[in-house]
Amino acid sequence: MSATEFYLSKGYTPQVRYQSWDALSTLAIWTPTTSTRVVLTDIVVSNNAAAGTMLITFGNLAGSKIGEWTVGASATITPVIGAIESTMYDREIFGRPSTSSSTGGWRVTAFGFELA
């Protein structure tokens, strides 16, 4: 059973979040509803900027790394993550690219669930 099937069988509603970057900045990809925890089941990272890395973290804190992926210019990756479940309520998921672009060079789409 996949992680998505597991959480669907428990009655949770699938969620999708999207963020794009125009500059080198740390932006929230997912801000959960109050008093919920996030479970990531899939992630897609696209890059139309210069080749670089995308860092994804829980709560924008050092040591809370979900993953950091190297993505070539004009490339899209879909890393296999299984399921990554936050252990803290109300913890946002942030992304930070290592290269910038003037118009939405980096894009992240996150799929998952919010658990009460």
Side-chain angles (χ1 to χ4, degrees):
M1 171 183 296
S2 73
T4 299
E5 290 169 336
F6 173 80
Y7 289 104
L8 284 172
S9 74
K10 302 298 181 191
Y12 293 105
T13 303
Q15 309 264 331
V16 178
R17 299 295 190 276
Y18 172 82
Q19 184 59 269
S20 65
W21 284 258
D22 293 335
L24 291 177
S25 58
T26 301
L27 299 176
I29 298 167
W30 194 313
T31 303
T33 305
T34 301
S35 299
T36 63
R37 297 179 294 125
V38 174
V39 176
L40 283 180
T41 55
D42 292 292
I43 195 160
V44 177
V45 181
S46 297
N47 177 16
N48 284 332
T53 61
M54 174 60 72
L55 172 66
I56 309 285
T57 60
F58 274 120
N60 194 22
L61 303 170
S64 297
K65 183 189 286 190
I66 294 171
E68 185 169 16
W69 295 279
T70 301
V71 185
S74 300
T76 298
I77 63 168
T78 307
V80 176
I81 61 170
I84 299 172
E85 184 174 328
S86 172
T87 58
M88 298 182 73
Y89 289 90
D90 305 322
R91 184 65 67 188
E92 291 178 286
I93 296 174
F94 287 89
R96 185 177 67 234
S98 66
T99 58
S100 66
S101 171
S102 60
T103 310
W106 286 91
R107 293 174 308 284
V108 172
T109 306
F111 302 85
F113 297 87
E114 290 187 1
L115 311 179

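In what follows, every heavy atom counts, from backbone to side chain, and hydrogens, waters and symmetry copies are set aside.
Inter-residue side-chain proximity for K65 and L55 is flagged as met; some heavy-atom pair is nearer than 4.5 Å. With contacts defined as side-chain heavy-atom distances shorter than 4.5 Å, the pair T53/W69 does not qualify. In this structure the side chain of V71 reaches within 4.5 angstrom of the side chain of W106, judged on heavy atoms. Proximity of W30 to L40: side-chain heavy atoms (C-beta onward) are separated by under 4.5 Å at one or more points. Side-chain contact check for Y12 versus V39: every heavy-atom pair is 4.5 Å or farther apart.
Both I29 and V38 are members of a single hydrophobic cluster when ILVMFWY side chains are connected at heavy-atom separations under 4.5 Å. Under the 4.5 Å side-chain heavy-atom criterion for ILVMFWY residues, a single connected hydrophobic cluster contains both F6 and L8.
One N or O on the side chain of T99 and one on the backbone of A50 form a donor-acceptor pair closer than 3.5 Å. Here the side chain of N47 pairs no donor or acceptor atom with the backbone of A75 at under 3.5 angstrom.
Of the inter-residue distances, the one linking Y7 atom OH with S2 atom OG reads 11.0 Å to the nearest 0.5 angstrom. With values rounded to the nearest 0.5 angstrom, I84 atom CD1 is found 10.0 Å from T41 atom OG1. A distance of 7.0 Å separates OG1 of T76 from CG of N48, quoted to the nearest 0.5 Å. For the atom pair CE (M54) and CD1 (I77), the distance works out to 9.5 Å, reported to the nearest 0.5 Å. In this structure, OG1 on T13 lies 8.0 Å from CZ on F113, to the nearest 0.5 angstrom. Taking CD of Q15 as the reference point, atom OG1 of T33 lies at 6.5 Å (rounded to 0.5 Å).
The shortest heavy-atom contact between R37 and Y89 is CG-CD2, 3.5 Å. Closest non-hydrogen pair, G59 versus R91, comes out as CA-CD, 3.2 Å. Residue S100 comes nearest to A49 through the heavy atom pair O-CB, 3.7 Å, listed as atom of the first residue, atom of the second, then distance. Smallest separation of non-hydrogen atoms from A23 and P97: O-CG, 4.1 Å.
A side-chain contact (heavy atoms from CB on, under 4.5 Å) with I66 is found for one member of T57, I56, I43, I81 and no other, namely I56. When each of R96, E92, Q19 is checked for a side-chain contact (heavy atoms from CB on, under 4.5 Å) with L27, only Q19 meets the rule.
Enclosure of atom CZ in R17 by more than 12 non-hydrogen atoms of other residues, nucleotides or ligands within 6.0 angstrom is indicated.
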